[in-house]
Amino acid sequence: MYSTFFKHYWLKSVRAPGYYKNLIVNIFVGLSAVYFLVIFVLLGFMMPKILAEAAPKLDPALTFNGILIYVTVLALLFRFLFQPLSTINLQSYQVLPVKRSKLVNYLLIKPLLNPANYLTLCFAIPFSVTGIHPAYGLGGAFRFVLIVIFLIWFNTLFASFLKRKFGSSVTGIASFLLIVAGLAALEYFNIYSVFDLSQLVFGFLTENRLGWLIVLVFSGAAFLLNKGFFAQNYYPENFDKKATGKQAETQNFTFMERFGKIGEIISLEMKLVLRHKRTKNVLYTAVLFLLYGLLFYPSDMYKENDAMLMFVAIFVTGIGMILFGQWIINWEGSYFDFLMTRDIDTQSYIKANYFLLLSLSIISFILTTPYFLFGRDILINHSVAFLYNAGVNIHVYLFGATFNTKRLELSKGSAMNMQGVSYKNFIIMIPLLVVPMGLIGIFSLFSAKHIALIILAVLGLAGIVFWKQLLEITEKQFLRRKYALCEGFRKKE
């Protein structure tokens with residue numbers, strides 16, 4: 001019976017209208033997966049040396065065991081935010097002689113068989129050879145790999161349970177972040193060493209012959225939690241009640257109406273963001289990516305790489321605009337025909353989208369001001385990056401959005417979801433990131449980085465000063481492409 005379920009899932013996928021249309025995107029995603037696979041393998045072999053430099057007094061295996069609890073909690077957070085829930089058309093199978101337990105088991109087992117879950121093994125297996133084997137022997141290396149697999153199972157199942165039970169709410173995300181911050185605070189203020197606890201626990205699991213069984217028991221407990229949830233929420237109407245309750249909580253943003261027609265349009269778009277799974281996931285992703293600079297700014301490796309530092313500055317100061325800008329018109333595809341028949345002039349519609357992206361860029365810039373503590377260069381980079389985002393990249397996104405005629409299905413999550421994505425989404429990244437990085441990189445070769453910064457700042461200021469004239473160009477382009485957009489958004493992939 002399970003083979004039949006998977007066969008139906010495969011046929012549903014290959015028979016979807018957009019399966020063969022997204023060939024270029026699928027090829028790009030496949031090449032990206034191969035790239036990261038190679039990176040993980042190399043990182044696995046190099047990790048013992050990296051850990052030895054970071055903590056010279058500890059064995060690399062012990063150091064890794066100490067941070068493994070943080071890795072597990074953060075992986076659980078990312079799964080909670082981005083892991084799509086496994087679904088099945090219950091009504092189609094409920095009228096057939098299929099046991100309920102088999103349907104539930106299929107829903108729980110299906111995500112465990114996703115190959116993407118096991119990309120971590122591309123890191124774990126090489127590290128077990130170079131880092132775990134010298135400390136714990138061959139048996140310990142084998143047990144380490146088993147522990148990683150069962151941790152993946154636990155995170156996948158437990159994240160699914162939390163998501164089904166509580167949903168991807170702001171409260172749930174805040175709770176996760178508080179837990180991580182609490183663990184870090186205990187470590188930082190020497191109140192309690194979570195690092196030592198993690199080192200002790202995972203060291204015992206790796207060293208003990210039956211240690212891997214303990215992690216397997218936790219995975220089984222997560223499986224039973226999901227089974228218990230489905231025992232009470234098996235029928236679709238139970239989920240409908242939850243959905244209705246959530247929709248009632250959505251804010252109205254009536255304060256935006258004081259800004260006239262433009263304010264009403266922005267209010268509608270804000271409601272759209274908070275009412276749909278895909279847009280909410282993008283919003284949560286934007287918040288997490290604000291921390292992206294912490295991977296680069298504290299490291300001495302990137303202090304001399306001016307082009308990379310400019311990339312980070314543009315990315316973090318404009319993350320809201322970057323993530324939402326690529327879908328600024330597409331996310332309205334399901335009711336675009338209705339929108340075009342209302343009393344909304346093109347100028348107000350384009351201006352509303354402009355001010356929405358500008359607001360997201362300003363908010364991102366304000367939230368990243370703590371990075372100024374890393375020095376004057378970071379302050380200058382962020383200021384120039386903000387000007388470039390507000391004066392150039394916003395207009396590039398608005399103009400480029402008129403060419404993307406693929407409709408987005410907002411009811412689905414954004415993780416590993418390439419629906420609505422085309423090669424145009426990648427082409428638009430050239431003026432967004434490649435041009436400023438290239439400009440900084442070229443002038444840095446001649447020790448003239450300041451000239452590149454001045455050029456980028458002037459371009460940004462020009463775009464801000466002449467924003468009305470630039471929006472007029474976008475309005476004319478939108479009018480030329482309006483009917484092509486209407487036709488494209490009517491097609492479901």
Side-chain angles (χ1 to χ4, degrees), residues 28 31-32 35-36 38-40 42-43 46 49-50 53-54 286 288-323 325-326 357-358 360-397 399-400 425-467 470:
F28 180 83
L31 293 174
S32 300
Y35 170 78
F36 284 109
V38 174
I39 294 295
F40 286 160
L42 294 176
L43 186 61
M46 295 172 60
K49 183 179 179 181
I50 297 173
E53 292 178 357
L288 289 175
F289 273 134
L290 289 173
L291 305 175
Y292 190 66
L294 295 176
L295 299 176
F296 295 89
Y297 293 154
S299 176
D300 295 332
M301 184 187 307
Y302 299 101
K303 286 186 178 179
E304 303 300 325
N305 193 334
D306 296 326
M308 180 57 69
L309 291 178
M310 178 51 64
F311 163 80
V312 176
I314 290 176
F315 190 76
V316 297
T317 59
I319 186 61
M321 180 270 297
I322 290 172
L323 291 182
Q326 58 184 323
L357 293 182
L358 182 61
L360 290 172
S361 188
I362 292 173
I363 292 171
S364 298
F365 176 72
I366 293 173
L367 292 176
T368 56
T369 50
Y371 285 126
F372 294 171
L373 297 174
F374 285 103
R376 187 186 66 176
D377 289 342
I378 303 302
L379 188 155
I380 295 173
N381 281 355
H382 277 222
S383 301
V384 172
F386 169 72
L387 292 175
Y388 188 78
N389 281 327
V392 177
N393 285 339
I394 286 179
H395 295 289
V396 172
Y397 262 139
F399 190 85
N425 296 94
F426 302 109
I427 292 177
I428 204 171
M429 300 300 287
I430 296 175
L432 184 71
L433 295 171
V434 176
V435 170
M437 283 182 66
L439 200 63
I440 293 290
I442 292 171
F443 278 90
S444 294
L445 294 175
F446 303 98
S447 300
K449 171 191 169 183
H450 61 283
I451 297 178
L453 290 173
I454 292 172
I455 293 173
L456 293 175
V458 169
L459 288 174
L461 285 172
I464 294 172
V465 172
F466 298 104
W467 68 276
L470 291 172

Heavy atoms, side chains only, cut-off 4.5 Å: are L309 and D377 in contact? no
Does L459 offer a backbone N or O that forms a donor-acceptor pair with the side chain of Y388 under 3.5 Å? no
Mind listing the closest non-hydrogen atom pair of S361 and A390 along with its distance? OG-N, 4.5 Å
What I'd like to find out is whether the side chain of W467 reaches to under 4.5 Å of the side chain of H395, using heavy atoms alone. yes
Rounded to the nearest 0.5 Å, what separates atom CG in L358 from atom CD1 in I363? 10.0 Å
With a 4.5 Å heavy-atom cut-off, do V458 and L461 have their side chains touching? no
Going from CD1 on I50 to CG on L43, what distance comes out if it is rounded to the nearest 0.5 angstrom? 5.5 Å
Ignoring hydrogens, what is the shortest heavy-atom contact between G293 and Y371? Give both atom names and the distance. N-OH, 3.2 Å
F466 atom CZ, neighbour heavy-atom count above 12 within 6.0 Å: no
Closest non-hydrogen atoms of G320 and A286, given as atom of the first, atom of the second and distance, are CA-CB, 4.5 Å
Do N305 and F311 have side-chain heavy atoms sitting under 4.5 Å apart? no
Is any side-chain heavy atom of L387 closer than 4.5 Å to a side-chain heavy atom of L456? no
Please name the residue in the list L453, I314, I440 that meets the side-chain contact (heavy atoms from CB on, under 4.5 Å) test with N381. L453
Locate the shortest heavy-atom distance separating S364 from G318; write the atom from each residue and the value. CB-N, 4.2 Å
Result of checking N389, I319, T317, L360 against F365 for side-chain contact (heavy atoms from CB on, under 4.5 Å): T317
Find the distance between CZ (F289) and CG (L323) and round it off to the nearest 0.5 Å. 7.0 Å
Listing request: all salt bridge (Lys or Arg N to Asp or Glu O under 4.0 Å) pairs with a residue in residues 441-466, at least two apart in sequence or in separate chains. D306-K449
Ring centre gap for F315 and H382 strictly below 6.0 Å: no
Rounded to the nearest 0.5 Å, what separates atom CD1 in I362 from atom CE in M321? 11.5 Å
Any chance you could measure T368, atom OG1, to I378, atom CD1, to the nearest 0.5 Å? 11.0 Å
Do the side chains of Y397 and I322 get nearer than 4.5 Å, heavy atoms only? yes
